[in-house]
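Read the structure below first, then the notes.
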Amino acid sequence: MSSLDRYNVQAVEKKWQTVWNEERLYEAHAASRKKFYCLEQFPYPSGHLHMGHVRVYTLGDVIARYRRMAGYNVLHPMGWDAFGMPAENAAIKSGIPPRTSTMANIDYMKTQMKQMGLSFDWSREVTTSEPEYYRFTQELFLLFYDRQLAYRKEGAVNWCPSCETVLANEQVEDGLCWRCDSVVVKKDLTQWYLRITDYAERLLSSLDSLDWPQEIKTQQFNWIGKSVGAEIIFDVPQIDQRISVFTTRPDTLYGASYIVLAPEHPLVEPLIASYVHRDEVRRFIAAERVHSDIERTAENTEKRGIFTGSYAVHPLTKERLPIWIANYVLVDYGTGAVMGVPAHDLRDFSYAHKYQLPIKIVVSPENPDADFGHSAYTGPGFLIESGPFTGMDNETAKEAIAKALQAEGKGGPRISYRMRDWLISRQRYWGAPIPIIHCPHCGAVPVPKDQLPVLLPENVEFTGQGASPLAGAKDWLETSCPQCHHPAYRETDTMDTFVDSSWYYYRFTSPHADEPFVKTDVDYWMPVDEYVGGKEHAVLHLLYSRFFTKVLYDAKLTPVDEPFKRLLAQGMVVYHGQKMSKSKGNTLSPENIMKERGADAMRVFMLFAAPPDKDFEWSQEGVEGAYRFLQRVYRLVVKPHSGPLSEDARVRIYKAVHRATRKVTEDIRERRAFNTAISALMELTNALYQDIDAINKEEQTQILGVLTRLLAPFAPHLAEELWHQLGHEESVHTAEWPQYEEKWLEDDEVTIALQINGKVRSRLTVPKDIRPDQLRELTLAEEKIQVLTQGRTILKVISVPGSLVNVVVR
RNA sequence: GCCGGGAUGGCGGAAUAGGCAGACGCAGAGGACUUAAAAUCCUCCGGGCAGGGAUGCUCGUACCGGUUCGAGUCCGGUUCCCGGCACCA
C-alpha cells in the first residue's frame with residue numbers, strides 16, 4: 001500500500017492545531033445570534049490530564065462543535081479550579097511556592113488540551129487562584145454577608161487531622177475525608193458558614209424542572225432530606241425551661257414515655273446541676289463525646305444512655321416523663337432532643353427495652369396480630385388510648401395533634417431538613433482569604449469592597465504544622481479596623497475551593513470585567529445549556545452552584561434561578577476492571593495514546609465505546625479499531641474513484657447519506673448518544689465503499705463533503721484535513737451542518753414482516769403507502785402463509801403499515 | 001433498612017413510541033492480494049436440532065408469573081451488581 005493510502009496522524013493533527021490557534025477559530029463573539037453555552041467542569045491543575053478529563057472534555061467538545069456548525073453562537077470556555085491543597089502540600093514538601101507550581105501545571109495541561117483538539121475559547125480562560133478572579137470571590141462573599149447569608153458560629157465541626165483543616169458535611173464520606181480518607185474527628189471551633197439551609201425548600205422544589213439524570217436529582221433530594229412533622233414542647237418546671245423535640249410522628253404523642261437529649265444538648269448541664277448523680281452523668285457525656293461520628297452513628301452501635309434525674313411534662317396529658325441523655329440522639333439534627341415512643345419507633349423500642357422504660361401502644365394496626373412484644377409497630381392504623389384523638393386514623397391524627405399543640409402554644413407543624421449549613425472556612429493558605437477584619441471593638445467587620453482583593457501574602461512559611469500559614473504572616477495579619485481604625489487583625493481562614501467553583505460559569509460570560517460579571521453578558525449567555533461533568537459532584541459542586549445561583553437571582557444579578565439547564569453526568573473510565581488511580585498503578589497516559597494513534601482516534605474510541613453516562617473499560621484494541629476506521633475514511637475520501645455510473649447506486653448513496661445525517665444530528669442534539677452516532681458514520685462509510693464509484697465526480701465531492709462534516713465534531717483534525725483536500729478554503733468547523741431531506745428518508749417500497757401468532761414466518765416487499773386491507777390480502781395470499789395457515793382458523797389479522805402483519809390462528 | 005440506577009452473544013454495546021433481538025465495533029474463523037508477512041479488501045460469526053446444501057425448525061434479552069395479536073421494552077414478585085442516604089427522630 002502506498003503512502004497515499006494512509007495519513008500521517010501526528011503531522012495532520014499538529015498542522016491544524018497550529019492553524020486553529022492562529023486563527024482563534026473558537027472564540028465566542030458579541031451577543032448576536034441564538035446562543036449556546038456549553039461547559040465542562042473545569043479541572044484542578046494537577047499537572048497532567050487523566051483519562052477522566054479526556055472523557056469529559058471530549059464529550060463537551062462534540063456538543064460545542066456540533067452547535068457551532070449548526071449556526072449557534074457558542075460559548076465553550078475553559079479555566080482552572082486552581083486553589084487547593086495539593087499545591088500547598090507540594091510547597092510544604094519541596095518549598096516551591098503554590099502559585100509557581102500551579103502556573104506550571106496549568107501551562108502543561110493547556111498544551112495537552114490543545115493536543116486533544118478541544119475547541120475552547122482561550123481568550124476567556126480564568127484561574128481561580130489569581131487575584132483578578134478571587135477578588136470577586138471575596139466580593140461575592142460580601143454579598144452573602146450583606147444578605148445575612150454568611151455568618152460565624154461556634155460548634156463541633158468536622159476536622160481532618162491529615163489535611164489540618166475543617167470540612168463541610170458534604171465533604172465527609174462515611175466518616176472519612178473526601179480527599180485523603182483520614183478519619184474525620186469533631187472539634188469545637190468558630191467557623192464561617194453560608195446559610196444554604198435557607199434555600200433548602202427551593203433547592204428541593206426546583207429539582208423537578210431540571211433536565212438532569214434522575215440519579216443525580218435523587219442524590220440531591222436525599223441529601224437535602226426533607227421531613228414533615230411537628231415540634232412538640234415539653235415543659236420542665238424544675239428548672240423553668242422547655243425542651244423542644246422534633247418528630248415525624250406527632251400521632252404517637254400519647255405513646256411517649258420518656259424524653260431523650262443529645263449529650264451535647266445545651267439544657268443538659270442546667271438539668272443535672274442539682275442532681276445527686278451529676279458527676280456520673282458528666283462522666284457518661286465525656287465518654288460518649290470521645291467516639292467519632294463513624295462509631296456513634298453506625299447502625300449496630302449499642303444504644304447507651306443515662307437518666308438525668310429530671311422530668312418533663314407531657315403537653316397534653318400532663319404526665320411526668322423522665323428525661324434521659326443518650327448517644328443515639330444527634331445534637332445537630334432537628335432540635336437535638338426526641339420524645340421516646342417505644343411502641344412505634346424501632347430505636348426507641350430497643351432503648352426502652354434495655355432500660356426498662358414503659359412501652360405504651362397508641363396505634364393499632366388494621367390487622368391486629370402485630371407482635372408488640374418483640375418490636376415496634378411503625379405502620380398505619382387507628383389511635384387508641386389517645387384522649388380526644390382515640391379512634392382517628394393515624395395520618396389524620398398527625399395533623400390534628402400538631403394543630404392542637406399549636407393552639408396550646410406547645411409547638412405545631414414543622415419541617416426539618418437533613419442538610420446543614422455550608423461550612424466554608426479552611427485553615428489553609430492556598431485559597432481565597434475571607435475578607436473580614438476582626439476588631440477588638442467592632443467585632444467581625446467586612447473589608448470594604450473598594451479595598452479588595454485581600455491579597456494572599458507571598459512570603460509565608462509552609463511548615464505543615466498547626467494553623468494556617470496566614471496566621472504567621474505578621475505584616476499581613478495586622479491591619480486596622482475599617483470602622484474605628486484601631487489596630488485589628490485579619491481573618492486567617494481561607495474559603496473552601498467549592499466557593500470558587502460555585503460561580504466560575506458566570507465569570508466566563510465576562511472574564512475581563514471590573515466586576516464579578518456583567519449583567520448584559522449574563523442575561524445573554526446564562527443558563528449553561530449543556531453542562532458536562534462527573535457524578536462525584538452530585539451533592540458538592542452541583543448543589544453549591546445551584547445555591548449560589550439562587551442567591552444571585554434574589555440579588556437580581558442573574559435572570560436564571562438554575563445555572564445548568566441540562567446536565568450530562570459522564571461515567572468513569574475503567575482499566576483492567578478498576579477505576580484508574582495512581583495507587584492501583586493502572587493509569588494510562590493520554591499522551592502516549594495520542595502519540596501512537598492520534599487525538600482523533602482516542603476521541604472516537606472514547607465516544608464509541610459506551611454511552612456517555614456509563615462506565616466503560618478502556619481497550620487498546622478499541623483504539624486500534626477507531627484508528628482503522630479513520631484511516632478507512634481517509635482512503636475513501638482521497639482515493640480517486642471512478643467506474644460505470646449507476647442510478648440505483650446513486651439512490652442508495654443518497655438514502656444512506658440522508659439517513660446518517662438524521663441519525664448523527666439527532667444523536668448529538670437530543671440523545672447525546674455519541675456511540676450510535678459514530679456507528680451511523682461507520683455504516684455510512686461502509687455504504688459509500690460499496691457504491692461511491694458509481695456516481696459522477698461532482699456528486700462524489702459533495703457526498704464526501706457531507707461525510708466529512710458529520711465527522712467533524714468527533715475527529716476534528718481528520719475532518720479539517722479532508723475538507724481542505726475536497727477543495728474548501730474555510731474551516732470545516734465553521735461550515736454549515738448538513739441538512740437531511742425527508743424525501744430520501746422514505747422508501748417507495750418497504751419490507752413487511754409476516755407473522756403467524758407473533759412469529760416471523762415470511763417477508764413481503766410492498767409499496768410504502770399500501771392500504772391495510774390490500775396488505776392483509778397480499779399476506780393471506782402469500783405462499784408460505786398459505787401453507788402454514790392451511791386447515792387452521794384465522795381469528796384475527798393485525799396489520800401495522802410499514803412494519804408487519806400478524807395473522808392470529810388457532 | 002430506605003431511595004435511585006442496572007443485568008442483552010466470547011467482549012463493548014444497538015434496538016429512540018409495545019412491532020423483524022443482537023446494528024456498529026472488538027476478538028475469532030475463512031477467502032482474495034502478496035514470494036512471504038503486515039496492511040488492505042471480501043465473507044462468516046448467540047445456542048440446539050434437522051439437512052449434502054441453500055435453508056428450515058426451535059430455544060434465547062438475570063429468574064418466576066401476568067397483560068397483549070405481539071414484551072428486551074409495560075405490570076406484579078424474586079435474585080444479583082453498582083451508586084446514594086442511614087440511630088436523621
Side-chain angles (χ1 to χ4, degrees), chain A residues 1 5-6 173-174 213-227 229 245-249 252 260 262 296-303 326-330 332-341 345-348 350-351 416-420 535-536 538-539 571 604-605 608-611 613-626 628-629 631-632 635 663 666-667 670-671 673 675-683 685-686 689-690 751-763 784 795-800 802-809:
Chain A
M1 189 161 71
D5 294 335
R6 202 186 292 193
E173 297 169 351
D174 292 329
Q214 189 53 45
E215 196 186 347
I216 306 288
K217 291 206 266 187
T218 302
Q219 275 188 55
Q220 292 208 355
F221 183 92
N222 290 342
W223 186 261
I224 295 167
K226 180 179 182 173
S227 293
V245 307
F246 175 75
T247 179
T248 54
R249 295 294 306 273
T252 64
V260 202
R296 226 182 115 175
T297 60
E299 204 174 358
N300 50 4
T301 298
E302 196 198 0
K303 288 178 182 41
N327 64 340
Y328 77 98
V329 178
L330 308 173
D332 56 357
Y333 179 76
T335 61
V338 302
M339 61 176 190
V341 186
D345 181 280
L346 294 162
R347 295 153 300 181
D348 296 344
S350 72
Y351 189 74
S416 189
Y417 299 92
R418 207 192 67 92
M419 182 172 66
R420 318 280 200 261
K535 295 173 187 163
E536 66 277 13
V539 292
V604 166
F605 169 64
F608 180 62
D613 56 318
K614 284 188 75 170
D615 294 350
F616 81 94
E617 172 84 25
W618 185 264
S619 123
Q620 193 50 43
E621 292 76 30
V623 185
E624 293 301 324
R628 277 201 293 265
F629 164 62
Q631 292 291 2
R632 190 169 149 84
R635 278 191 299 277
K663 177 79 178 148
E666 286 176 357
D667 280 357
E670 314 298 336
R671 302 206 313 143
N675 54 331
T676 51
I678 289 172
S679 84
L681 288 174
M682 289 172 169
E683 280 177 284
T685 304
N686 293 343
Y689 260 84
Q690 296 301 321
T751 302
I752 300 286
L754 306 184
Q755 301 181 331
I756 290 173
N757 290 347
K759 285 184 178 146
V760 181
R761 290 296 135 125
S762 185
R763 274 166 231 280
K784 189 88 189 284
L795 298 176
K796 208 196 270 192
V797 179
I798 286 131
S799 172
V800 184
S803 175
L804 53 77
V805 179
N806 189 11
V807 183
V808 185
V809 296

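Chain A is the first sequence line, chain B the second, and so forth, proteins listed ahead of strands; every chain is numbered from 1. FYI, side chains are in, hydrogens and waters are out, and symmetry mates aren't considered; it's all heavy atoms of this structure.
Candidate nucleotides B:rA39, B:rA89, B:rC57 were compared by shortest atom distance to the side chain of A:Arg761, and B:rC57 ranks first. Between B:rC42, B:rC88, B:rA89, one nucleotide has an atom nearer to the side chain of A:Phe246 than all others, and that is B:rA89. Here the side chain of A:Trp223 is nearest to one of B:rC85, B:rA89, B:rA14, namely B:rC85. Which of B:rA15, B:rU40, B:rG19 sits closest to the side chain of A:Arg635 comes down to B:rU40. With distances taken from any side-chain atom of A:Ser227 to the nucleotides B:rA89, B:rC87, B:rC85, the minimum falls on B:rA89. For A:Arg347, the side-chain atoms get nearest to B:rC87 when compared with the rest of B:rC87, B:rC59, B:rG5. Of the candidates B:rG4, B:rC87, B:rA89, the closest approach to any side-chain atom of A:Asn327 belongs to B:rC87. Proximity note for A:Arg418 (side chain, C-beta onward) versus B:rG83, B:rA86, B:rA14: the nearest is B:rA86. Across B:rC88, B:rU16, B:rA89, the shortest atom-to-atom separation from the side chain of A:Arg671 is found for B:rU16.
In this structure, A:Lys535 reaches neither bases nor backbone, as no heavy-atom distance under 4.0 Å exists between it and the strands shown. Among the atoms of the strands shown, none is found under 4.0 Å from any heavy atom of A:Lys217. Nucleic acid contact class of A:Thr751 (heavy atoms, under 4.0 Å, all strands): base. Note on A:Pro611: only backbone sugar-phosphate atoms sit closer than 4.0 angstrom, heavy atoms only; bases stay farther off. At a threshold of 4.0 angstrom between heavy atoms, the contacts of A:Gln755 include nucleobase atoms, whether or not backbone atoms are also involved. Nucleic acid contact class of A:Glu173 (heavy atoms, under 4.0 Å, all strands): none. In this structure, A:Val338 reaches the bases: a heavy-atom distance under 4.0 Å links it to at least one base atom across the strands shown. Counting any heavy atom pair closer than 4.0 Å across all strands shown, A:Asn675 reaches sugar-phosphate atoms only and no base atom.
In this structure, A:Lys303 forms no cation-pi arrangement with A:Tyr351, as its terminal cationic atom is not both closer than 6.0 Å to the ring centre and no more than 45° off the ring axis.
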Note to self: Just to be sure I follow the notation: if a pair is Watson-Crick (purine N1 to pyrimidine N3 plus N6-O4 or O6-N4) or a G-U wobble (N1-O2 and O6-N3), each under 3.5 Å, what dot-bracket string does RNA chain B give, with | for pairs to another strand?
What the structure shows: (((((((..(((......[....))).(((((.......))))).(((((....)))))..(((((..]....))))))))))))....

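Closest of all the heavy-atom pairs between A:Tyr333 and A:Tyr417 is CE1-O, 3.6 Å. In plain terms, the two heavy atoms of A:Leu804 and A:Gln755 that are nearest each other are CD2-NE2, 3.7 Å.
Applying the 90° criterion around 0 to the glycosidic angle, B:rG9 comes out syn.
To the nearest whole angstrom, the two C1' atoms, one in B:rA23 and one in B:rC82, are 27 Å apart. The separation of B:rC44 from B:rA54, taken at their P atoms, amounts to 12 Å, rounded to a whole angstrom. Going from the C1' atom of B:rA27 to that of B:rC45 covers 11 Å, rounded to whole Å. Across the C1' atoms, B:rG66 and B:rG48 are found 28 Å apart, a figure rounded to whole Å.
Comparing A:Phe221 and A:Val808 by the nucleotide of RNA chain B that holds the closest heavy atom to each, the one mapping nearer the 5' end is A:Phe221. When the nearest nucleotides of RNA chain B are assigned to A:Val807 and A:Tyr417 by heavy-atom distance, the more 5′-ward of the two goes with A:Val807.
A:Asn806 contributes a side-chain N or O that forms a donor-acceptor pair with the base of B:rC69 under 3.5 Å.
Rounded to whole Å, atom P of B:rG12 lies 13 Å from atom CZ of A:Phe616. A:Gln219 has its CD atom 16 Å from the P atom of B:rC82, to the nearest Å.
Between atom CD of residue A:Gln220 and atom NZ of residue A:Lys217 there is a gap of 10.0 Å, rounded to the nearest 0.5 Å.
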N/O to N/O distances under 3.5 Å, protein versus nucleotides 24-34 of chain B:
{"residue": "B:rG25", "atom": "OP1", "partner": "A:Asn686", "partner atom": "ND2", "Å": "3.2"}
{"residue": "B:rC26", "atom": "OP1", "partner": "A:Arg628", "partner atom": "NE", "Å": "3.3"}
{"residue": "B:rC26", "atom": "OP1", "partner": "A:Arg628", "partner atom": "NH2", "Å": "2.7"}
{"residue": "B:rA27", "atom": "OP2", "partner": "A:Arg628", "partner atom": "NH2", "Å": "3.3"}

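A donor atom on one side chain and an acceptor atom on the other are found under 3.5 Å apart for A:Asn686 and A:Arg632.
Side-chain N or O atoms of A:Asn806 include none that pairs as donor or acceptor with a backbone N or O of A:Val800 at under 3.5 Å.
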